[in-house]
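So the structure is just underneath, and the comments pick up after that.
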Amino acid sequence: MTAKPTQTQHEEAYISLMKDFKELDLCGPCVPSDLVLIGDHAFPLAMNSRGQALMAASLYGRGRIVVLGHEGYLTTFPALVENALTWLRGDASENLFVGVHNNVKGVADNLSTSSFQAKVVGAFSDDLKVGVYVTDAYSVGADAKNLVAFLKAGGGVLIAGQAWSWAADHPKENTLLQFIGNKVSGVAGIYFSQHLGEVECLPVYPQIPSSWMAVANGKDFEDDLEFLLQEVSEFDIRGGAVPSEVLVHGPLAFPIGTTDDGRAFLAGAYYGQGRVIVVTHEGYMGRETLAPFWKNAIHWLDEGRQGIVGVVQDNALNVLSKSGLKCEKSNFRKDLSVFACTAYSDQHVEEIQDFVAEGGGLLIGGHAWHWAQTHRGQNPLTDFPGNKILNKMGLSLLGATIGAGCYKAPVPSQAIKDTYHFRHLLHRFAGHVTKGQQLTQHEEKCLKKLGSDCANYLRMQAHDCSSYTQVVSTLTDILKSSDMPQVCDSCPVKSSKDHLLLSVGAEVYKVCPDPDALLPYLIKHNPLMPVVYNHKVKMNANTAGGEEWISTGLYLSPGMKTYIAIPAEIVNKGWKIQIGCQTDHLNAAELKRAPCVHERFPVTTEMTQVWNLWGGLIYLVAPPKTQAKGVEVTVQMAVPAPYYKSGVTTPADWALLRTAPSPWAELEFENIILTVPSDAVRNLDRPDELAAHWDNIMRGIADLAVIPHKLNRKERFVADVQISHGWMHAGYPIMTHKSTATDLVSIDHARTKGLWGPIHELGHNQQRGCWEFPSHTTECTCNLWSVYVHEEVLGINRTKAHPAMTSEKRNSRAKEYVKGGKKLGSWQMWVALETYMQLQERFGWDAFKKVFAAYHKMSNFPKDNKGKMNLYAETFSQTVGMNLSGFFKSWSWPIETATEEKLSNLPAWSDHPMIQYD
């Protein structure tokens, strides 16, 4: 996670612009326009209690612009105008000449006693040699392009006016694009809108004003959708192409094509004086079935210029040419009317953004899911090439995919009501929480998606973007106003509202300006725990395979921050610091904890600050194929955890450590690490005996797998309040429910009741694709380890190790399989295990070990189940010196004639257990 800037350039600009103002009394005769703000650089200066921006500022190119919602403000607030001129000319500029349009010459009169030298003119021209130009919004007409060029080159523009009266006189015109003043201010992301701004006496805040009401859409988009969806009733995106989801988050961005649950794969936006459409797979731009839509889209982007459409992709050129406009294969050029490209290049990012801002059209296609999968550890929202172009435009491609289907086009008149829109629903939800406004049933259903979208949006970390800070401020207010669920197993979360709060809480905590002030609203019971200071941890790493977590034996309380000093030799080498042992992401209707409760920080400096809203154990994460010996890190401050490490922790150490205050404990043995709630180990007197017990189990695991007793990477168990799927699941770590924790740390339980589930998961981690036949054996061959460890290590016969392993049930399964016609489709799990048990009971465990050993020496395995099953039959037969093809055929394995011929010289297993059913 990146650190937040202490004060953004926009905040500094705001302070300069509002210097010496305590309030702005707008209760005069002027009725301003509500200003719509988009992009990274536009920010409000004055905002009323309805969240309407009545004055704003922005940057464009090297220049600056201030926009006032009524021309009367140019003379009503002379001190504000002087502040604006000072800021607009730039800190380094010595140019005190100000060009003032004749229609607002009152500004020049007010400047007569200032240091500025005003020059009243009839129009703007480059010959003026001014640093700042002042005009009303109605007089820029023919000057618009020159003013934009002046602004881009570093000039300052002060423009004032209102568009509501123009909009009333031009009901069929697009105010955002056609109103004269917007041809200048819109380029910088500030638009005079058709909506009247409500006037009041406004306090001037010490920071940029914000309001949850300001996150509403800047337009209803009905006319845009009517144009775009002419003769379009559906979007057929069936087929092999896999699209991404696009997050539609800008005030002037809108979904066009969505799934039934509101996930967008096609969207549009206004940006400056231009427009953009994004489709989330580039292949769709060449789809004949979508040609009617592309015809409308190209004309919408062209805005009637009848210009040239430059197309990067050959397959898109043919379809887009049917639009009637001149299309040609071309890379980016400034003389194009519309540019159609893919989202996979970040060349010309700023040029393309300026091209659109100054009136061009952009059609961009591509998905981010493949990039996200192949760039682990990077942030798709900020690092994916297409998003470097699109984020500013209010659109972002996500790593999530969308299913193929044929989706209905929206009804334009109902789009805002019926279609999910991030800003619209965020505005409605904020009103629901802060003002008690009722949500519709449709809106309630969409809250879970809103939570996910908010979390994604916040990951843009666009701290210097006013639109972003408005959303952060809104979400902060929501969290403070709502009753944040204190989720746990006795207080589960079920409602869509609480789901949203849990999803968003941690993300807002990471990016809000004052997380310490927010913390008590998120974590209401957060007792102080005793800490240790400057605790040194020595580590060794030898990661032959995947990454490895290295335990520190320390814990951070919820919201607690600490610094970790890292030796230079592992900085920028792919190491990470992880806070939290529970890495499962939850997606359940009922939650007993937040969906994601761990954090990772890349080790890029020798001193790294870390924290986690939910708290958690502290780990160093060593990257794959890394060797490090005697590496020492120092943790500035943390809570000690009950942590036992074989060969390191003495009985005297453990007597103190087992009472350590952390709610999580860790027991690290020769080949396995058990992470359990601390209550499970408080009464553990002899961890050394437990260590010996688990060492034996893990040696048993290794023996059957025919691998060295010292595993390449220690296995890990984490016993959590809730996991992502199943009662337990394999992986690193193996996840299990916390009720299993006491079983994991009890030798007596293991010796009497067994540990079928945990050993089953350890078996999963030993499965190899070359002798696995999914889905038949996925939940079967892992049980070979369960049976082996129970019998050979724990001394529990297979008939007592699991209820399904009694002789009666085994025989019954075999009979039912035969009775059902020996269909291979039914050869699953327990039925499949019977095949292996029959082999084991005839040839012993030694045969399995030899078979696994033989596979270790092989390469170039078949990829399909049929090929793999024949190889297994052949390998097992050769290993035991007996032709087993008849036995496997009796289980309906697809044994080929070639395999039978290879084994024909071996004696047949003629009395195998399945003979009785033939």
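All residue numbers refer to positions in the sequence shown, counting from 1.
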For a quick test of reading the model, state the closest non-hydrogen atom pair linking [X] to [Y] and the distance between them.
X	Y	answer
P410	T419	CB-OG1, 4.0 Å
I579	G616	CG2-O, 3.7 Å
A400	R263	CB-NH2, 3.7 Å
L395	A269	CD1-CB, 3.9 Å
V248	P255	CG1-N, 3.9 Å
G451	V504	O-CG2, 3.7 Å

May I ask you to check whether over 12 heavy atoms, not counting those of [X], lie within 6.0 Å of atom [atom1]?
X	atom1	value
Q373	CD	yes
N526	CG	yes
K494	NZ	no

Flag the pair [X] / [Y] as yes when at least one side-chain heavy-atom distance between them is below 4.5 Å, and no otherwise.
X	Y	answer
E507	L475	no
F384	Q378	no
L45	F43	yes
T583	Q578	yes
T259	E245	no
K497	F429	yes
M484	L479	yes
V433	D477	no

Side-chain donor or acceptor of [X] paired with backbone N/O of [Y] under 3.5 Å:
X	Y	answer
S473	T469	no
D40	K392	no
S244	W369	yes
S193	V36	no
E222	V411	no
D498	P485	no
S16	E12	no
Y191	G272	yes
Q162	W164	yes
N48	G51	yes

Which distance, rounded to the nearest 0.5 Å, do you find between the [atom1] of [X] and the [atom2] of [Y]?
X	Y	atom1	atom2	answer
D260	Y407	CG	OH	6.5 Å
K445	L439	NZ	CG	13.5 Å
K576	R600	NZ	CZ	6.0 Å
L390	K388	CG	NZ	12.5 Å
Q194	N174	CD	CG	8.5 Å
R275	L252	CZ	CG	11.0 Å

The test is side chain to side chain contact (heavy atoms under 4.5 Å, CB included); show your working for R459 and L398 and say whether it passes. CA-CA 11 Å; R459 289 181 195 124; L398 302 177; over 6 Å; no
As a quick check of understanding, evaluate side-chain hydrogen bond (donor to acceptor under 3.5 Å, both in side chains) for R423 and S467, giving each step before the final call. CA-CA 11 Å; R423 278 189 166 262; S467 186; 2.5 Å; yes
For F192 and L35: C-alpha separation, side-chain torsions, deciding distance, then whether side chain to side chain contact (heavy atoms under 4.5 Å, CB included) applies. CA-CA 5 Å; F192 299 93; L35 304 176; 3.8 Å; yes
For Y555 and M560, run side chain to side chain contact (heavy atoms under 4.5 Å, CB included): C-alpha distance rounded to whole Å, both residues' side-chain angles, the deciding distance at 0.1 Å, then the answer. CA-CA 10 Å; Y555 170 83; M560 181 179 174; over 6 Å; no
Could you check K738, R593, K592 and say which one makes a salt bridge (charged side-chain N to carboxylate O under 4.0 Å, His left out) with D489?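 The option that passes is K738.
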Short side-chain donor-acceptor distance under 3.5 Å, E200 and S49: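 Distance-only check passes for S49 and E200.
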Carboxylate-amine/guanidinium contact [X] [Y], below 4.0 Å:
X	Y	value
D483	K524	yes
D261	K449	no
K219	D224	yes

Hey, can you tell me if F254 and Y270 have their rings parallel, tilted or perpendicular (30° and 60° cut-offs)?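 It falls in the tilted class, 30° to 60°.
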Indicate the ring-plane relationship of H70 and Y73, choosing parallel, tilted or perpendicular according to the 30° and 60° boundaries.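 Rings of H70 and Y73: tilted, as their planes differ by 30° to 60°.
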Do H427 and W212 have ring centres separated by under 6.0 Å?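 Ring-ring flag for H427/W212: true, centres closer than 6.0 Å.
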Below 6.0 angstrom between ring centroids: does that apply to F422 and Y457?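 Under 6.0 Å, so yes.
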Give the intermediate values and the outcome of side chain to side chain contact (heavy atoms under 4.5 Å, CB included) for residues V610 and E599. CA-CA 9 Å; V610 297; E599 292 292 351; over 6 Å; no
side-chain hydrogen bond (donor to acceptor under 3.5 Å, both in side chains), that's the test. Do D720 and Q582 meet it? Break it down for me. CA-CA 7 Å; D720 194 6; Q582 311 132 283; 2.9 Å; yes
Derivation and outcome, side-chain hydrogen bond (donor to acceptor under 3.5 Å, both in side chains), residues H375 and D383: CA-CA 9 Å; H375 292 75; D383 301 333; over 6 Å; no
